[in-house]
Structure formats: C-alpha cells, structure tokens
Amino acid sequence: MPKYLLLCLIFLLSTLSCTNEYKHYQNAEADYQIIPQVTALQQLNGRFIVNEKTQVIGDEALESEGTYLGDILSGISGQNINFQAGGKGNIQLLIDSTIVSEEGYVLSVSYDKIKIKAHSPKGIFYGIQSLRQLLETGEEPGKFVSIPAVQIEDSPKYGYRGMHLDVCRHFFPVDFIKRYIDLLAMHKMNTFHWHLTEDQAWRIEIKKYPELTSVGAWRNGTIEGHYPGTGNDNKRYGGFYTREEVKEVVAYAAKKHITVIPEIEMPGHSSAAIAAYPFLSCFPEEPSIVPNDMMSDASRKAQASGQPKIVQESWGVFDDVYCAGKEETFTFLENVLEEVMELFPSTYIHIGGDECPKANWKRCPHCQQRKEDMELEDEHQLQSYFINRIEKFVNSKGRQIIGWDEILEGGLAPNATVMSWRGNKGGIAAAEQSHTVIMAPNSHCYFDHYQSEDKENEPLAIGGFLPLEKVYHFNPTPAALEKDKHAFILGGQANLWTEYIDSEAYAEYMLLPRMTALSEVLWSADSRRDWDDFQTRLNAFRRHYDQLGLNYATHGLGE
Ligand code: ACM
Ligand code: ZN
C-alpha cells in the first residue's frame, strides 16, 4: 500500500475511534456541577470536543453573546473560535419566543452539537454561564476541551438578584468594579447596586457641582482600628469616577446583562456633600464632629482656620444631614439626580433614606418652618416629605426610587420600592402595603460580617457572624408574609459595606464563597436546593475562583 494511503487510513481510523469514543462516553455525576442549581438536568452519554472545527453561530442580535462564548472557548482551548451570524456551525444560539421565562434558557449538548435556546439574549447569556461550568479540559492540560452531553432547562426564581458595593468608605478602581461585575455575571446575578455617596466620600463626578469630587472625594485621614478607633492615620485618602468611567462601567455591565443601580444617599450620610457645599447643612457654620476626638491633624487645622465642614474620617451615623427646610437642598439634589439619570439608564435610582438623625432638623428654623407649612406632625413625617418630593422628581423622569426601610417611617412614598435591611420587618410591612420589596436583611445578607467565630484569626471586620450555611438558608420571602403578597418580593441582595474592607483581596475574601451561596438562593427553586449537595458543587466551583486568581474564604469548604 502506498505510504500516503496508509497514513490516510490511520488518520481515518483514529478520527472514527475518537468520534465513537466521545459519542458514547459515559459521563459521571461529577461532570455536572453547576451553581446556581438548574431547574432540570438530564445527564446523557457522549462528550462534545472543542477543536479547530468548532464554530459558534446564531442570530445577528446575539453577536455580543456569541463573541463572548467564542472568547471563552478560545481562551480555554487555545483554538481561534469565533461567532458568525447565520451560516453553519456546531454551536448554535437561538432566540425562541416559545420559552416563557424572560431570563430562562434550554441548553442541549450532544457529542456533535450544542444548542442554546432562550427567549432573550439575557437567557442565552445564562445558558453560556452554565456551559462554562461544564467545560473540562482534557487529561493533558490544553490538549483538548470537552463538554458532557446534557439537556438542561433553567429559569430563575427571583427577577432581582443583586450585589451591592460601598465604594465610599474605601475606594475601588474601575478595573476592580469590572471584575466584580464579571463575578456577578458568572453567578447569574443581574443587578449591581453601586453605593456612590457617603459621609466619608462622594465618588461620582457631577458637572454642575465640581466640588463634590474636588473636595468631597477626599478625606484628610481615617480612624485606625475598630470604631471609635485608636487614632487617625493622617493619610489623605480618596478617588472618584469620572463621567466617562461611569459610562464605561454601565456599558460593560450591560454587555453582561447586569443593570447598575446608583445610590445617591439622602437625607443622611451626606457629610461629604456638605463638606463640599456647606449650604446644604441646617447649620453651615457648625464644625463637623469626629467621635472620640479622632480627627486628623489637617482637619483640625482647617477648622482652626475657619473651614468648619470636613469629609468624615470616622464611621457611624452623623447628625449633620441635608436641611429639609431650604429650597436650595432640593434644587441641588434634583440637579444631581438629573445628571445621575443621564449616566444610568436603570429604571431604579436608589436614594438611600437610612439612618438619618433628626436632631438638627428639630433645632433648625428652616426645617421647623417646613414642618409648619406642610402641617407635618413630626420629623419622621418631614423625612417622608423629603423622600416623597424626591420621588415625584424621579418619577417625572420616568424612573422609580428604591430606599432603605427607614423610608417607611412617616409614610411611604406612593411608588417606592423598599430595600429591607434591618431584618425582614420593613420588607413585610412594605409588601403588606402592596409595595415592591428587595430583601437584604443584615441577619443573612451583610457580607461585612465575620465568617468565623474565631475572630482573632480573621481580618478586622465590623462585627457579627454570618457563616456560609446561614447565607444558604436565607429565604427572601418570609414565612410570615401572606401568600397573596409574595409577588411583591422582587428578590434579594447582599451588601458589602467597606469601613474595614480596605483592599481588593479583602473584598473578594468577604464576598466569596458567600455570594456563590446567595446566587443559588436567588436563582434556584427551593425544591432544587440542598445544603449538602451545594457543598459538593461548591468544591468543584472553587476551580473557577482559582482560575480567576480570586482570594476567597475557605470556611465551610471542607478544609
Ligand atoms: C444600612 O446598612 N445602613 C443600609
Ligand atoms: Zn434644616
């Protein structure tokens, strides 16, 4: 036999045996480890091999998702796999309007083709996230990549699946924000709550009020140790996001099907804005106070030379809040919100509303005049007036407000969504009044709390104890809520407050693996959730943390 014929025969036989080997390959349970748990999964025989012939195709409208999948497959296989609108290919992405769930998808993998069908590009994106978790590299690393044959049907339990990040107590650059968004996307979360203003900083550029960032984004120092602190580090600290950077983050998130909700705090937690524009305070001439005499040397000097207001250097709640009596306060906030709404296309704008002491309002002539003019009974009703007025403005621009549960006090604004953080109570009360609710109770969703009771061996945290298992057992729909009000619970979110979280590595440590548990709470049906099974899947999921170089806690991971 001529040599080339022999070579052809060997090649043919080897491809045939390879095809057959993977066509009938018996997969194991361990090959199907997905978080969050899917609605239905059927394990099948066979494996799809990613190789130089792999081609992603789909509707033109799916170019972003198709390219994203091509990039993932290329990165892991070393092949050059791209997306083509239409044409022929063995990975097909398909919009199918018969799939009812807006965010759901159907993923079919056989030895020779992969199909992801969904009602919308968002569902396709989530199908890709599941596919990504099924990818395994061959025994020889980088030799080939294979995917076990499977049939998956999947859709989320809750429509709002969020993660918050406080970038004020400590600043996190755009690059980190993007990686945070990537992590959310990997977990099929769909909302990033960006906490942009605080006592300790104002972090978003506003054209009309440049001093919000030139002054308000910087503090002269930060307390050392746990509140009230052992001293002040006397280090100038700060940073902010330009309008261009904000646009970049919003666009980046949109590609990953994540809505960014900005939070502009009012009427409390506003010391940084007041330091920039003291007229916003009830008492512009009164000096800012740092508890326990922990003020930085630079701020002391500033106050001695006649500049009373400073950006806060300590944590907690401060009496110096926006004046509810002066018209200038509302003009300022409306101008700010107008610019914020230009930058963020989200339906919801978070206006804060938590922890607003009423001490200054009680002794402010402007606030007292407002109370009288509006025939308000007390300062809680004055806060309600404040939030109602802001809601009217936000609604007039076609948007909706979210506020922390204190906005219930003194009466809820008519269209407000309540974010329940002081336990479930506020959320239940709001849902009973037929208001939509996002559950973020500090009992289960405060990721700034310790993950271990052995606090001596943990980095300094704010307090509390929130182990992984407790997050896993979070139920955003409280048993105490009447069934006919369940639909008002839009979903849940965890919060990452950063008083003590001063680095990216520490933020990742507090986030993971608790966010992975939360993702299953928010996505998977109760009947599909199981703590023991989750732990098994989490141990497989860790390889994604490792591949991404993430710093994560190992409590509860069997170590
Ligand atoms: C909050 O934790 N103050 C909302
Ligand atoms: Zn006032």
Side-chain angles (χ1 to χ4, degrees), residues 162-166 168-169 193-200 227 261 263-271 273-274 277-286 312 315-330 332-333 350-374 376 378-379 381-383 385-387 389 402-409 417-427 430 437-449 461-464 466 492-501:
M163 249 334 286
H164 152 287
L165 180 66
D166 168 11
C168 298
R169 273 58 177 264
H193 170 174
W194 204 359
H195 184 79
L196 287 163
T197 74
E198 256 303 338
D199 294 303
Q200 297 80 8
Y227 179 91
I261 297 181
E263 181 180 354
I264 306 295
E265 271 269 21
M266 62 191 79
H269 287 293
S270 43
S271 304
I274 288 171
Y277 295 98
F279 73 85
L280 296 166
S281 167
C282 291
F283 303 104
E285 308 301 327
E286 285 188 7
Q312 260 303 336
W315 319 128
V317 171
F318 301 93
D319 284 349
D320 206 2
V321 300
Y322 290 127
C323 177
K326 293 186 230 172
E327 275 307 291
E328 292 93 318
T329 303
F330 293 95
F332 166 82
L333 286 171
H350 201 306
I351 51 78
D354 61 320
E355 299 181 318
C356 178
K358 310 295 187 292
N360 279 12
W361 290 0
K362 283 184 182 159
R363 59 191 183 93
C364 167
H366 304 286
C367 287
Q368 290 306 308
Q369 188 63 49
R370 175 82 71 193
K371 225 174 87 182
E372 201 177 309
D373 292 348
M374 302 311 297
L376 304 172
D378 58 19
E379 281 66 29
Q381 288 196 358
L382 185 55
Q383 158 134 347
Y385 163 83
F386 197 116
I387 302 295
R389 191 161 160 181
I402 300 177
W404 299 108
D405 56 62
E406 286 92 331
I407 67 168
L408 279 147
E409 295 160 9
T417 296
V418 170
M419 190 168 268
S420 190
W421 74 278
R422 295 175 300 175
N424 288 334
K425 268 197 330 280
V437 170
I438 296 151
M439 283 295 191
N442 48 8
S443 55
H444 292 75
C445 295
Y446 269 45
F447 288 0
D448 56 340
H449 291 184
I462 199 157
L466 178 57
Q493 141 176 326
N495 298 333
L496 196 60
W497 300 104
T498 59
E499 285 92 337
Y500 298 93
I501 300 174

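Whatever order the structure lists ligands and atoms in, that order sets their numbers, starting from 1. When reading the values below, keep in mind they use all heavy atoms of this one structure, side chains included, and skip hydrogens, waters and symmetry mates.
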Could you go through His193 and Trp404, starting from their C-alpha distance and side-chain angles, then the distance that decides it, and tell me whether this counts as ring pair (Phe, Tyr, Trp, His ring centres under 6.0 Å)? CA-CA 12 Å; His193 170 174; Trp404 299 108; 5.7 Å; yes
For a salt bridge (charged side-chain N to carboxylate O under 4.0 Å, His left out) check, start with the C-alpha distance between Glu327 and Arg389, then their side-chain angles and the critical distance, and finish with the verdict. CA-CA 11 Å; Glu327 275 307 291; Arg389 191 161 160 181; 2.6 Å; yes
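Each of Arg169, His269, Gln312 was evaluated against Asp199; a single residue qualifies, His269, per the side chain to side chain donor-acceptor pair (under 3.5 Å) test.
Remark: Arg370 fails to qualify as a cation-pi partner of Tyr385 under the 6.0 Å distance and 45° angle criteria applied to the six-membered ring. Cation-pi check for Arg363 over Phe283 is met; the charged atom lies under 6.0 angstrom from the ring centroid and within 45 degrees of its normal.
Checked against the 6.0 Å centroid threshold, His164 and Trp497 count as a close aromatic pair.
Among protein heavy atoms, the minimum distance from atom 3 (N) of ligand 1 is reached at Asp354 OD2, 2.6 Å. Ranking the protein heavy atoms by distance from atom 2 (O) of ligand 1 puts Tyr446 OH, 2.6 Å first.
Residue Trp497 has at least one heavy-atom neighbour below 4.0 Å for each of these atoms of ligand 1: 1 (C), 2 (O), 4 (C). Of all the atoms in ligand 1, the ones that sit under 4.0 Å from a non-hydrogen atom of Glu355 are 3 (N).
Of all heavy-atom pairs between Ala324 and Phe386, the closest is CB-CD1, 3.7 Å.
Using cut-offs of 30° and 60° on the angle between ring planes, the pair Tyr322 and Phe332 is tilted.
Each protein N, O or S atom less than 2.8 Å from the Zn ion (ligand 2) was counted, giving 4.
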